[in-house]
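So the structure is just underneath, and the comments pick up after that.
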There are 6 protein chains.
Amino acid sequence: MYHHVKKLMFTVEVGEPDPRFGGMLLEQFGGANGELAAAMQYSVQGLNCEDPARKDLLMDIGTEELSHLEVIGVLARSHLEPLRKTGKAADSDPLIAVVGGGGVSLNNSQGNPWTADYLKISGELEVDLRSNMAAEARAKITYERLLDYTDDAGTRDALKFLMSREIAHLKAFGRALESMSKGPYEIGSLEPEKDMVEPYFNDSTGDGELGTDHTGPWNNADDVKIVDNPAFAELKSR
Amino acid sequence: MYHHVKKLMFTVEVGEPDPRFGGMLLEQFGGANGELAAAMQYSVQGLNCEDPARKDLLMDIGTEELSHLEVIGVLARSHLEPLRKTGKAADSDPLIAVVGGGGVSLNNSQGNPWTADYLKISGELEVDLRSNMAAEARAKITYERLLDYTDDAGTRDALKFLMSREIAHLKAFGRALESMSKGPYEIGSLEPEKDMVEPYFNDSTGDGELGTDHTGPWNNADDVKIVDNPAFAELKSR
Amino acid sequence: MYHHVKKLMFTVEVGEPDPRFGGMLLEQFGGANGELAAAMQYSVQGLNCEDPARKDLLMDIGTEELSHLEVIGVLARSHLEPLRKTGKAADSDPLIAVVGGGGVSLNNSQGNPWTADYLKISGELEVDLRSNMAAEARAKITYERLLDYTDDAGTRDALKFLMSREIAHLKAFGRALESMSKGPYEIGSLEPEKDMVEPYFNDSTGDGELGTDHTGPWNNADDVKIVDNPAFAELKSR
Amino acid sequence: MYHHVKKLMFTVEVGEPDPRFGGMLLEQFGGANGELAAAMQYSVQGLNCEDPARKDLLMDIGTEELSHLEVIGVLARSHLEPLRKTGKAADSDPLIAVVGGGGVSLNNSQGNPWTADYLKISGELEVDLRSNMAAEARAKITYERLLDYTDDAGTRDALKFLMSREIAHLKAFGRALESMSKGPYEIGSLEPEKDMVEPYFNDSTGDGELGTDHTGPWNNADDVKIVDNPAFAELKSR
Amino acid sequence: MYHHVKKLMFTVEVGEPDPRFGGMLLEQFGGANGELAAAMQYSVQGLNCEDPARKDLLMDIGTEELSHLEVIGVLARSHLEPLRKTGKAADSDPLIAVVGGGGVSLNNSQGNPWTADYLKISGELEVDLRSNMAAEARAKITYERLLDYTDDAGTRDALKFLMSREIAHLKAFGRALESMSKGPYEIGSLEPEKDMVEPYFNDSTGDGELGTDHTGPWNNADDVKIVDNPAFAELKSR
Amino acid sequence: MYHHVKKLMFTVEVGEPDPRFGGMLLEQFGGANGELAAAMQYSVQGLNCEDPARKDLLMDIGTEELSHLEVIGVLARSHLEPLRKTGKAADSDPLIAVVGGGGVSLNNSQGNPWTADYLKISGELEVDLRSNMAAEARAKITYERLLDYTDDAGTRDALKFLMSREIAHLKAFGRALESMSKGPYEIGSLEPEKDMVEPYFNDSTGDGELGTDHTGPWNNADDVKIVDNPAFAELKSR
């Protein structure tokens, strides 16, 4: 059961509204890596989760993301304020001005409606935790970039708060995964076929505008065998 | 530049076609965690990548996934063969039977068209590698589940091959990330605010059908401070 | 700010799981007129609302709908339980069985992902209240139909609770609208042109399989003037 | 059966083409509350309707909306004319300039393709009429806002005509509903449970940036019982 | 301006309703190559068209397709009738039974909402005519396949009518294109570079399960030069 | 099986990056008629094709389109370069700047994600070839228009190369169709009903802003019978 309290998780104080930046902020409101996506991904995973401790974790963070959604919504709405008055500003985003009356809606920065296609919910706890760690990394970098585009002190404070919380969540999900005693490359319960894991297929070769062949720890290791140009090898069929 | 060779990466031999299972397989052809999603995610990341060694890695694996797409496509098409004859089988999937003439199209198992909303492309290499690791984990578990639904020996061999390759890719992406000298919880270049990372907001509390509060390494650690019921605390505003 | 309590708003007790019915229930989880749509529509309207009393109303009901989402999610998940075991049941919904591991995701009964295109958020309070009343009516009728498809006593109790709450919300939104002193056909602030409101264009005429012309209070009233076949008025036909 | 006459329902005379405004107008051509949405919603409801008199009403208005679609299409196309010439104007909308050759397509003002997800078709006449009334209210307010963004006399005349017709339709749908002898809060045929309708759950409480608790006719009435903080009732918090 | 007449273009007489077939028919109601797609593609092209004679043609056929939409809608609705009664039939399509009350909506046979992404509207008349010819070919083959799945005489008559009309339209569009004095491979106004048109890049080579290299009139002709394996040639860059 | 070579099919040399034009170019990267659409349409058709010679053709061209995708991707990325630096340029496209870090993603020029709804795959070879010819015509005209919006010599060279290849493909598909011994208006195997093909329904009549009736080879021919106003034939109007 949910309860709402009429306070923001982080107080938002916008100096000079900047509708262009308000539009950018919508990316974190109704965008692919935004707060609604985070809230829904974790909460629905939590609903499906049968490990009581990690279910609690997923619900804690899923609920916090709803509070983030509210913070970013108020922040975006403050920056979009000029779109609530008739005039030139509306040109920049007719969907917000004409359809939404200058308010926020669950669209991204380009007006695309939020879709559950953004979510990664596998019904397998350890896999979900990996998806969540990646999601937090994407959200962190998005906030970092947003900070590049505003000088407004109050806005920056709120974005730093939200950005920092993504790292807090990344750590929490990471520790929840570590404590499940799965190796970093161990997924599910079926063992992969060893001889099918060893080959590294060098499928992109040659030397040109797009670079040249390289080695690194991923294809130069004891447990890896490079297979050059497999498309052209006389592949031994099974 | 791409080249195609008229051989499959893994020979597909289907015993008894099973159109229901063919429909399930489409999940890995045109579905959210399927082979086209993998191919496009890694190849477009590769196109954007400015680290020459990891660009090569992304192109190698992106190209391999195109070959996987072809394997799964031939496999699904073999199982869907009965839909190419008039009759009862078509009931199970009119979209395939009537619109596609019994062939494969880039839809998932429920007929939803493939969409680039499935992709996670951030333009930040370390973040992209994390997204790719999570994607491989999801693909591995999907193949594992598919194996539960078929007894056909040839089909199982192909699925095991594809499943094993996901682990190979997971390892490769993991090593490429490790060798970038970033801590597991270090993302981008802006430091998070320490006092905003420490709190663990206990936002889901109480005791009922949905469980009770738990602790674990994620909220019971030296660098974590549990904040109970923050919505109700006299939150110190900034 | 949001808080979650680990109890359901209505206790769910499913006797015999019925995965077909579980699939139908998803319509109210991730479908067009379902609980997420209600929660998001009212909460985002509330965020945009500048009338403090009705903002409170929107937040009260928006938050309740999140609790409904949780009830319907647990209910659907209980009915989908057989999909979490390998076997025949999975045929009926590969997306749930293979991709979601038998858990719930934010899709509708046909596997379509939830989209913000379902929402009606105009940024104009009186218009939003009308959209909400219509939304509650659609939700009520959907629950009524769902009740036709299950005999399970515990399931029926939960559905009746949810159905009854839709009527409670319909009344609340209706009274909030009535108390705004707008006539039922008065929208916004611009007066419509009287002579453009009076005509009733009889654009569908004739007599055949699709019926015949009728009159009713909508075109037979003192303030209505029927215009027959306007497409052909003053027209020299070929 | 449909017939088309080569006249517009309302003559469109655009003075100075304004491609920015042309883009805004697309909202009513291919947008969520636009004329295609109205035409399709009413016409498909009409096709499903088994009450002969209201079926006629739905077909009359559904057909009129097709004529409105044409008016708004010609209007938008006139304003987009500069995009049919090479030059700076194309920057504002590459989709229209490059893909559509400067013509109109069934997209909204942000280039999103029209989708049937916009439609509300329940197959229950009284519910459909309520959805239609809400749809007309949204369309009216959208035209009202569009009028704020243009000074062109011919354009304003056409928009006023279309706006006024929305009120005419709102009235017609309203009277069709009134004459069905259903109370305003009576939906379908199943009675809601009285004791589940009475409670008003005060799910959003507290006092802060987002306001404070309020009462109004919706929660302060003889047939309403306020339940404060239901999530915390009978709950031992941690 | 549009007018509707309460007759069907082709009288529909369904013997035994078959809800499975009704679901298939929706493909031509709200599907990618269905009647709404045809009606909208031609009518919007007509609205954009500046050649008065072919504008008339586009409007004639666009309007006829609206009448086809109505025929297929009544036909589908007749076959879906059992879904309007509670019971087993609803299992096959909960979206239709529960959400639509057993009526038709603008979805395809798998419940995907109709989208303007199906349309091909280029704003270039000769290109649009080519897109329309291809669209008619797809619609013809879809009707041909549908005929394979029903024995109902009245249904078959209606489908044959609709199928035959697609050929009539194909011919009309073809003649409209021929009379524009463009060669079959001449598009737009810019000449292609001759030396870039001549090469046939043999990009798929080898010999395996996917076949072997072939020649035909497309790569064995006086004006074609086969370039084998261009990815590996020391391509002379321009 | 696929192989990638680290060279571009056509060397891209951009003089002055123009982010606005970069956004336009995305139309051919992730847009409806762009290179991914072409690559996927032909390759999946090839996978389904049972005519070995034309299967080879489809794979040859499908593979070439992947190489085009890469060329257009590098070209767009070069023009978007200023979006990879903080500043004013980002305003024009927050999705690219903030979410994609200034790189390319599989969206069109308005930020809409690529979708398989763009594809036309019928499973009937002759129909697929017609769809492909229309697709090449649309792609050719889009390149022609793009050429209108850039003066950059290197960009123009690349666009001319890609544009010319579309004509090469159009010819190849055309010859592959011609050599199948099907008349231009012959589709599938069922004969249309002659008396249903002959009528030309004059469904749009009258004389007004939208033109007047015209004749042309499509309705004025020996095998065509014009039927005027079919909706009103034998109809007693009200």
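Every value quoted in this text rests on a predicted model; they were computed, and no experiment measured them. Residue numbers start from 1 in every chain, and the chains themselves are labelled A, B, ... in the order their sequence lines are given, proteins ahead of strands.
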From CA spacing to verdict: side-chain hydrogen bond (donor to acceptor under 3.5 Å, both in side chains), B/D117, A/T115: CA-CA 8 Å; B/D117 279 332; A/T115 159; 4.8 Å; no
Among [options], single out the residue with the greatest number of heavy-atom pairs under 4.5 Å to chain B.
{"options": "A/K160, A/E186, A/M1", "answer": "A/K160"}
{"options": "A/G216, A/A172, A/A137", "answer": "A/A137"}
{"options": "A/G206, A/G174, A/A135, A/G46", "answer": "A/G174"}
{"options": "A/A221, A/S67, A/S122, A/G208", "answer": "A/S122"}
{"options": "A/S204, A/A134, A/A168", "answer": "A/S204"}
{"options": "A/D128, A/I61, A/L190, A/T212", "answer": "A/L190"}

Which atoms of [X] approach chain B - backbone, side chain, both or neither, heavy atom under 4.5 Å:
{"X": "A/P184", "value": "backbone"}
{"X": "A/M133", "value": "side chain"}
{"X": "A/E191", "value": "backbone"}
{"X": "A/V197", "value": "both"}
{"X": "A/H169", "value": "neither"}
{"X": "A/S189", "value": "both"}
{"X": "A/L147", "value": "side chain"}
{"X": "A/R54", "value": "both"}
{"X": "A/N33", "value": "side chain"}

Winner by heavy-atom pair count (cut-off under 4.5 Å) against chain A, out of [options]:
{"options": "B/N112, B/L66, B/V5", "answer": "B/V5"}
{"options": "B/H4, B/E144, B/E193", "answer": "B/E144"}
{"options": "B/G211, B/A53, B/G62, B/P52", "answer": "B/A53"}
{"options": "B/M163, B/E124, B/K120", "answer": "B/K120"}
{"options": "B/V127, B/N132, B/L210, B/L119", "answer": "B/V127"}
{"options": "B/R130, B/H3, B/E126, B/M196", "answer": "B/M196"}

Keeping the roles fixed (side chain from [X], backbone from [Y]), state whether a donor-acceptor pair exists under 3.5 Å.
{"X": "A/D203", "Y": "B/T63", "answer": "no"}
{"X": "A/K55", "Y": "A/E50", "answer": "no"}
{"X": "B/K182", "Y": "B/G188", "answer": "yes"}
{"X": "B/R138", "Y": "A/S131", "answer": "no"}

Take A/F173 and A/Y42 through the ring-ring contact (aromatic ring centres under 6.0 Å, His included) test and state the conclusion after the steps. CA-CA 10 Å; A/F173 289 132; A/Y42 310 153; 4.8 Å; yes
For a 4.5 angstrom cut-off between non-hydrogen side-chain atoms, does A/Y143 reach A/I72?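 In contact.
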Are any of the side-chain nitrogens in [X] or [Y] under 4.0 Å away from the carboxylate oxygens of its partner?
{"X": "B/K194", "Y": "B/E198", "answer": "yes"}
{"X": "A/D223", "Y": "B/K171", "answer": "yes"}
{"X": "A/R165", "Y": "A/E64", "answer": "yes"}

Can you name the nearest heavy-atom pair linking B/I187 to A/K140, along with the distance?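 Closest approach of B/I187 to A/K140: O-NZ, 2.8 Å.
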Above 12 or not: heavy atoms from other molecules or residues under 6.0 Å from CG of B/D151?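 No, not enclosed.
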Pick out which of A/N219, A/N229, A/T215, A/D213 makes a side chain to side chain donor-acceptor pair (under 3.5 Å) with A/N202.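 The residue from A/N219, A/N229, A/T215, A/D213 that satisfies side chain to side chain donor-acceptor pair (under 3.5 Å) with A/N202 turns out to be A/D213.
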